[in-house]
Amino acid sequence: QVQLVESGGGLVQPGGSLTLSCAASGIIFRITAMDWYRQAPGKEREVVATITSGGTTLYADSVKGRFTISRDNAEKTVILQMNSLKPEDTAVYLCHADHYNTWGQGTQVTVSS
């Protein structure tokens, strides 16, 4: 069974940091690009960061220089390190496996003072 499970969300003050983790099971992790998306209330889902099977990374302009995506193929995990968080980063963050078109259930990130 293909499954993605996110963790690490929470409430943080503006300027703070959070680390999101996505653990995969039931897939050949090393062959698939992995993405982090986010969806804020009333807004469309948007891609935040992508890491290819070869390790190339891509970022949305809104998070460049603040977020870092990485992967551990041995642990079947993809990480999103988020620094200098802003209130506009508040959203549900979802992990996605491209090759399998599979989504995690999401984890809430709230940036507020």
Side-chain angles (χ1 to χ4, degrees):
Q1 180 181 359
V2 180
Q3 190 174 22
L4 302 174
V5 179
E6 300 97 334
S7 60
L11 173 64
V12 64
Q13 292 187 342
S17 298
L18 278 176
T19 302
L20 305 183
S21 180
C22 171
S25 59
I27 65 172
I28 305 174
F29 186 78
R30 68 180 185 277
I31 71 170
T32 181
M34 297 294 297
D35 315 293
W36 283 98
Y37 281 74
R38 66 186 180 188
Q39 187 161 20
K43 293 188 177 181
E44 291 190 0
R45 189 172 293 183
E46 62 174 351
V47 61
V48 173
T50 296
I51 186 164
T52 68
S53 58
T56 299
T57 57
L58 300 166
Y59 297 95
D61 287 344
S62 58
V63 307
K64 278 182 183 175
R66 299 188 299 122
F67 291 10
T68 302
I69 188 171
S70 61
R71 64 190 295 158
D72 184 333
N73 287 342
E75 296 295 326
K76 294 187 176 182
T77 301
V78 59
I79 302 293
L80 186 67
Q81 176 65 43
M82 305 186 296
N83 299 326
S84 303
L85 283 162
K86 305 175 181 180
E88 52 263 43
D89 294 318
T90 295
V92 174
Y93 283 71
L94 304 107
C95 180
H96 177 253
D98 284 12
H99 183 77
Y100 297 89
N101 194 24
T102 295
W103 296 88
Q105 82 288 350
T107 185
Q108 177 70 46
V109 171
T110 302
V111 184
S112 175
S113 55

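Numbering starts at 1 and runs along the sequence shown. Note that these values count all heavy atoms, side chains included, but never hydrogens, waters or copies made by symmetry.
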### Query
Would you call D89 and K86 a salt bridge, using N to O less than 4.0 angstrom?
no
### Task
Taking all heavy atoms of D72 and all of F29, pick out the closest pair and write down the distance.
O-CE2, 3.8 Å
### Query
Where do F67 and Y59 come nearest, in terms of heavy atoms and distance?
O-CE2, 3.2 Å
### Task
State, to 0.1 Å, how close R71 and I51 come at their nearest heavy-atom pair, and which atoms those are.
NH1-O, 3.5 Å
Kindly list each side-chain donor-acceptor pair under 3.5 angstrom involving residues 7-25, sequence neighbours excluded, with atom names and distances?
from, atom 1, to, atom 2, distance (Å)
S17, OG, N83, OD1, 2.9
T19, OG1, Q81, OE1, 2.5

### Message
Using every non-hydrogen atom in the two residues, find where E75 and T77 come nearest and quote the distance to one decimal.
### Response
O-OG1, 3.0 Å
### Query
Is Y100 reaching over with its side chain to a backbone N or O of I28, donor-acceptor style, under 3.5 angstrom?
yes
### Query
Do the side chains of L4 and M34 get nearer than 4.5 Å, heavy atoms only?
yes
### Task
Taking the side chain as every heavy atom from C-beta outward, state whether T32 and I27 have any atom pair closer than 4.5 Å.
yes
### Task
Can you see which heavy atom on Q39 is nearest to which on A91, and at what distance?
O-CB, 3.5 Å
### Query
Do any N or O atoms from the side chain of E6 and from the backbone of T107 form a donor-acceptor pair under 3.5 angstrom?
no
#### Entry: Nearest-0.5 Å distance, CG of residue L58 to OG1 of residue T52
7.5 Å
### Message
Can you confirm whether H96 sits close enough to T102 that some side-chain heavy atom of one is under 4.5 Å from a side-chain heavy atom of the other?
### Response
no
### Task
Determine whether R38 and R45 make a side-chain contact, defined as any pair of heavy atoms from C-beta on separated by less than 4.5 Å.
no
### Message
Testing the 3.5 Å rule here: is there a donor-acceptor pair between the side chains of T50 and D35?
### Response
yes
### Message
Could you go through V78 and I69, starting from their C-alpha distance and side-chain angles, then the distance that decides it, and tell me whether this counts as side chain to side chain contact (heavy atoms under 4.5 Å, CB included)?
### Response
CA-CA 7 Å; V78 59; I69 188 171; 3.8 Å; yes
### Residues clustering with V47 (ILVMFWY side chains joined when closer than 4.5 Å, directly or via others)
Y37, V92, L94, W103
